[in-house]
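Heads up: the structure comes next, in structure tokens.
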Amino acid sequence: MISPSKEAIPLPALAGFTKRHGSWFAEEIPLADLAKQFGTPLYVYSKNALVQAFQAYDRACLDANGQRRARIHYAMKANSNLAVIDCLKNLGAGFDLVSGGELARALSIGADPSSLVFAGVGKSSSEIRQALKAGVKSINVESTAELQKINRLAAEIGCRAPISLRVNPDVDAQTHPYISTGLRGNKFGIAYHEVLKTYREAALLSQIDIVGIDCHIGSQITTTSPYLDALDKVLDLIAQLKREGILIHHLDLGGGLGITYGSETPPDITEFANTLLNRIAERGFSHLEVIFEPGRSLIGNAGVLVTQIEYLKPGAEKNFCIVDAGMNDLMRPALYEAYHGIVPVQEKNVKPSVYDIVGPVCESGDWLGKDRLLAVEEGDLLAVLSAGAYGFVMASNYNTRPKPAEIMVDGKNAYVIRQREKITDLFATENTLPERNT
Ligand code: LLP
């Protein structure tokens, strides 16, 4: 994910965004019109791109006879806007949640609790209570201590707790270290050699129902082989558990399938799903209900961040293109040195130069793109591509900067799915100390 210093990197295929006569459109609306109407920085999503991505994934979950082999539980951490999750719910998605907040979002759009799996390495007691009371399909457990806590809390509430253990299969997902989760040294999951023991322990607990097994090895993974390695290891566990009389109903393979930001070539979704689902069938596990938890691969390329150029600043070593979106709006470049395509919203016939595209935040890590060849002038708009996943959701108010508005475009219509924050909102809940009476 190191930002390559070449402008020759191809643009990703974007279902919802097209360039027509030199101007970029979100479906049927020029991005420039949206920026004019709603201001910048602005997140813009294409509903059609989201729907297409979901339907392609969902089709891949069916076999040649149209029989369902797997279900999609969208990992809403990638983008939890209510409009996004509601759209996916209506298409038939369940959800993967990692906090009480995400659970509340899912319930607020009327998601069926039996379509919710609750993951996360550090669930609090109150989050576990919320999940149990809501009646989620499964709590994905990441340690013995958590298992014991869930058992205790279920006893207090007077319910049974459906659980899966999250296996750490110790495979290398070959991705950025910050988003790799299935290695022995990661904080995630239960160490492979401890899993059987932990299931045996779970089977003895009074309030626990073992329903599944879970595994998530990382994110932005661009080859299928680490998934196959993890899958084989997890199937070995399921077989052993069966011999011991512990039956597993569902197999959750997590998310993590990568997308094209620049030069990545992730597997096609049908090929990816077939490879994994065929392996499950070949090894005699077709009876298992299989779950995928994609996030990025559904929404990543369905969104862009539109930003305006404040200044062009020639420098001794670098030219800077200073824009009104910063690391607080899109954190991925600063955090992972992630590459995002960046294009002028309207092509212009001016002399191109190579720029670092940087934000207004007081940090040298505040950049969105490096060494990009752009033909632009002050006041022009840029679109940062592939910003639909882990964009807005990771935004912060650093430097007391209000978070951008989010717009969803559906054909010729644009909907405000989140209003731009007002500056006064940002400190409305803060207080100064009472005056001291000295
Ligand atoms: N399931 C679990 C248990 C996860 O932890 C994640 C992502 C997913 C599913 C969805 O993974 P996806 O399909 O979106 O790759 N902020 C980082 C990505 C962090 C991913 C965390 N877990 C980024 O911007 O690249």
Side-chain angles (χ1 to χ4, degrees), residues 1-3 50 53-54 57 71-80 84-85 88 93-99 102 116-123 138-142 164-169 173-183 186-190 212-224 226-227 230 234 251-262 264 266-267 269 272-273 276 290-303 305 327 329-340 368 384 386-396:
M1 301 220 299
I2 301 295
S3 177
L50 177 61
F54 180 84
Y57 220 117
R71 289 194 181 278
I72 299 174
H73 288 239
Y74 170 62
M76 75 159 77
K77 64 174 79 64
N79 185 326
S80 54
V84 171
I85 59 176
L88 289 169
F95 298 102
D96 160 58
L97 318 168
V98 288
S99 68
E102 289 190 351
L116 306 177
V117 293
F118 190 39
V121 72
K123 302 174 198 79
S138 172
I139 300 183
N140 296 346
V141 179
E142 304 222 11
S164 305
L165 296 188
R166 174 167 174 179
V167 178
N168 181 327
Q174 291 147 23
T175 185
H176 189 283
Y178 284 10
I179 53 175
S180 182
T181 54
L183 279 169
N186 296 134
K187 69 176 174 180
F188 296 99
I190 295 176
I213 194 162
D214 169 51
C215 168
H216 169 82
I217 56 174
S219 194
Q220 187 52 16
I221 302 169
T222 51
T223 56
T224 311
Y227 282 98
V234 173
L251 163 58
D252 183 340
L253 290 172
L257 184 63
I259 62 168
T260 302
Y261 286 96
E264 304 91 338
I269 178 59
F272 170 78
L276 297 181
V290 179
I291 290 176
F292 289 118
E293 296 174 352
R296 187 192 319 262
S297 50
L298 295 182
I299 186 73
N301 270 327
L305 173 63
M327 63 191 283
D329 302 302
L330 178 65
M331 204 190 199
R332 303 193 68 257
L335 192 56
Y336 318 110
E337 298 188 68
Y339 174 88
H340 285 258
L368 298 176
V384 183
S386 318
Y390 307 108
F392 185 90
V393 283
M394 291 175 76
S396 79

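For ligands, and for the atoms within them, numbers begin at 1 and follow the listed sequence.
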Does Gly256, backbone or side chain, put an N or O under 3.5 Å from an N or O of ligand 1?
yes
Salt-bridge criterion met for Asp96 and Lys77 (N-O under 4.0 Å)
yes
Between Val98 and ligand 1, which part of the residue brings a heavy atom under 4.0 Å of the ligand: side chain, backbone, both or neither?
neither
Which residue in the set Lys123, Lys187, Arg166 passes side chain to side chain donor-acceptor pair (under 3.5 Å) when paired with Glu142?
Arg166
Flag, side chain of Gln220 to backbone of Ile259, donor-acceptor distance under 3.5 Å:
yes
Proximity winner for atom 9 (C) of ligand 1, if only heavy atoms of Glu293, Met331, His73 are counted
Glu293
So, regarding Ser297 and ligand 1 (criterion: nitrogen or oxygen to nitrogen or oxygen, under 3.5 Å), is there a contact or not?
no
Parallel, tilted or perpendicular, judged at 30° and 60°: which one describes the rings of Phe272 and Tyr57?
perpendicular
Atoms of ligand 1, numbered as shown, that sit under 4.0 Å from any heavy atom of Tyr336:
16 (N), 17 (C), 23 (C), 24 (O), 25 (O)
Side-chain donor or acceptor of His73 paired with backbone N/O of Ala75 under 3.5 Å:
no
Can Pro294 be said to touch ligand 1, with heavy atoms closer than 4.0 Å?
yes
Which atoms of ligand 1 sit under 4.0 Å from any heavy atom of Asp96?
1 (N), 2 (C), 9 (C)
Donor-acceptor pair, Asn301 side chain versus Thr260 backbone, under 3.5 Å?
yes
Looking at Ser219, Gly218, Cys215, the heavy atom closest to atom 15 (O) of ligand 1 belongs to Ser219
Ala78 N/O under 3.5 Å from ligand 1 N/O:
no
Looking only at N/O atoms, are Arg296 and ligand 1 under 3.5 Å apart anywhere?
yes
For the student: nearest non-hydrogen atoms of Ile217 and Ala173, plus distance
O-CB, 3.5 Å
Heavy-atom closest pair (Ser99 atom, Phe118 atom, distance to 0.1 Å) is N-CE1, 3.3 Å
As an exercise, identify every atom of ligand 1 less than 4.0 angstrom from a heavy atom of Gly295.
12 (P), 13 (O), 14 (O)
Here the atoms of ligand 1 under 4.0 Å from any heavy atom belonging to Ala75 are 8 (C), 9 (C), 10 (C)
Main-chain N/O of Met331 paired to Tyr390 side chain as donor or acceptor, under 3.5 Å
no
Using a heavy-atom cut-off of under 4.0 Å, does the side chain or the backbone of Met394 touch ligand 1, or both, or neither?
side chain
